[in-house]
Colleague: 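Okay, handing you the structure first.
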Number of protein chains: 2
Amino acid sequence: MNQATGAPGTARPGGRTARVREAVLRAAGDALADKGIGGVDLAEVARRAGVGKTTVYRRWGTVHGLVADMLAEMAESSLPRAATGALDGDLAALAALILKTLTDDRQGPLFKALIAAAASDPEAAAALHRFYRLRIDEWSPCVTDALARKEIPAGTDPAEVIRALSAPLYYRFLVSGDPLDPDTAKRAASATAAAARSGAYVV
Amino acid sequence: MNQATGAPGTARPGGRTARVREAVLRAAGDALADKGIGGVDLAEVARRAGVGKTTVYRRWGTVHGLVADMLAEMAESSLPRAATGALDGDLAALAALILKTLTDDRQGPLFKALIAAAASDPEAAAALHRFYRLRIDEWSPCVTDALARKEIPAGTDPAEVIRALSAPLYYRFLVSGDPLDPDTAKRAASATAAAARSGAYVV
DNA sequence: CTTCTAAAGGAACTTCAGTTCCGTTAATGT
DNA sequence: ACATTAACGGAACTGAAGTTCCTTTAGAAG
């Protein structure tokens, strides 16, 4: 009596289906990290995942589909935020974490590929935006705490502060190609904190 | 007695060669803007440029090669900077200009595609970084003027200020997907000016 | 104007990403 | 445990992106 009209993997998501998904997403992540979007061959991903290529084409269809699913998976996992007791410290900790991610040998290229994928595919873009919305929400409490401590003006938008902190790192990473080092991260943190104190992020 | 070892287009860069390059870069720009990297077929570009596809494959080889050449071409053109007499005004003018570019129906998607291309190809990345290095240098005088007027602390790095201004706009454009509106541009300008005044960009 | 050859162009060919077909395996409900 | 069928997997097929080969056009130099 099953309709089987949904996408493959929806009616029987357990057991083999889940194992296949895990193996394929892992292999796709490896491929993306080292060849970038455009260098990924779904048949190769299937082979490295130990899975039939028909399966990959049927369930994900395109590299963009894989990226969207991978971002959905990544959105599930959570990242513990810092709580140093001061806005500067919390922002510095987050900046350091972003720096570490973007300069990591695997994560850096992977994020670059995911963002590049989102640039040319609406579905991947939606998944990417959702991922970052969640990440930004996870870190906003740093700013809420600072508001509670009266470090920054009432009305300051927490999400805007987190975005302002992240932006310079991503800008160098994706656009200008300037070096990403601990100094850059520290500068991003102190500049954002200064701007926040001056009321630049009050909505 | 010619060696003919250089890339095609180097020995006889004038006349037909130049016309072909112009037509191909234009067609490639159109294709990138409306299909994004990955959706570009070089045979189609050749057809739309009214040029043999062999020519496109021989001179540029790949979409990435075309992107690199396009960025080299774009780096040639110059953009007039604002001079309102105050740092806030100059930065607001630049932010508005970036906003206009990124939200433009043709330029927005084109820049997205160019940046995505740079994410997976070293040659395109080098061309992109060169392009932005030039753009940042063109706008740095805004900050130098502010330094001369003692609006901001001595030792402030002009390029860093321009990057800090650009970053939030590009971050929304490429990463978070948050709306790009005049308010965002104004906030970027005032936040950057405030951070600069506080000495956050002193090297 | 003539020569030389760099660069463009056309068409056939090759290769491989992506599809289709159909048989096999195993997840779910009773 | 059994039946049902969702989902997987192997292999042959297809089409178009990209290559090769050779001919034609036209830019640069004398």
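These numbers were taken from a predicted model, which means no experiment stands behind them. Just so it is clear: chains get the letters A, B, ... in the order the sequence lines come, proteins before strands, and each one is counted from 1. Computed over heavy atoms, backbone and side chain alike; hydrogens, waters and symmetry mates excluded.
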Colleague: When you match A:R59 and B:L42 each to their closest nucleotide on DNA chain D, which lands nearer the 5' end?
Modeller: A:R59
Colleague: Using the closest heavy atom to pick a nucleotide of DNA chain D for each, name whichever of B:T17 or B:A43 lands nearer the 5' end.
Modeller: B:A43
Colleague: Could you pick out which residue, A:V63 or B:R21, lies toward the 5' side of DNA chain C when each is mapped onto its nearest nucleotide?
Modeller: B:R21
Colleague: Taking the six-membered ring for Trp, are B:Y170 and B:Y132 closer than 6.0 Å centroid to centroid?
Modeller: yes
Colleague: Is any side-chain nitrogen or oxygen of B:R58 closer than 4.0 Å to OP1 or OP2 of C:dG9?
Modeller: no
Colleague: Between atom NZ in A:K53 and atom P in D:dA11, what is the gap in whole Å?
Modeller: 12 Å
Colleague: Taking only side-chain N and O atoms of B:T54, does any of them lie within less than 4.0 angstrom of OP1 or OP2 on C:dG10?
Modeller: no
Colleague: So B:R19, base contact, sugar-phosphate only, or nothing? Heavy-atom distance under 4.0 Å.
Modeller: sugar-phosphate
Colleague: Pick from B:I98, B:L94, B:T103: which one makes a side chain to side chain contact (heavy atoms under 4.5 Å, CB included) with B:L169?
Modeller: B:I98
Colleague: Check this one for me: any side-chain N or O of A:Y57 less than 4.0 Å away from OP1 or OP2 of C:dG18?
Modeller: yes
Colleague: State plainly whether the residues B:R19 and B:E22 are in salt-bridge range, i.e. N to O under 4.0 Å.
Modeller: no
Colleague: Using whole Å, what does the distance between atom P of nucleotide C:dA17 and atom CG of B:D41 come to?
Modeller: 16 Å
Colleague: How close or far is atom P of C:dG10 from atom CZ of B:R47, stated in whole angstroms?
Modeller: 13 Å
Colleague: Below 4.0 angstrom, N of the basic side chain to O of the carboxylate: do B:D181 and B:R172 qualify?
Modeller: no
Colleague: Give the rounded distance in Å between these two atoms: CZ of A:R16 and P of D:dT5.
Modeller: 17 Å
Colleague: Specify the separation, in whole Å, of atom CH2 of A:W60 and atom C1' of D:dC8.
Modeller: 11 Å
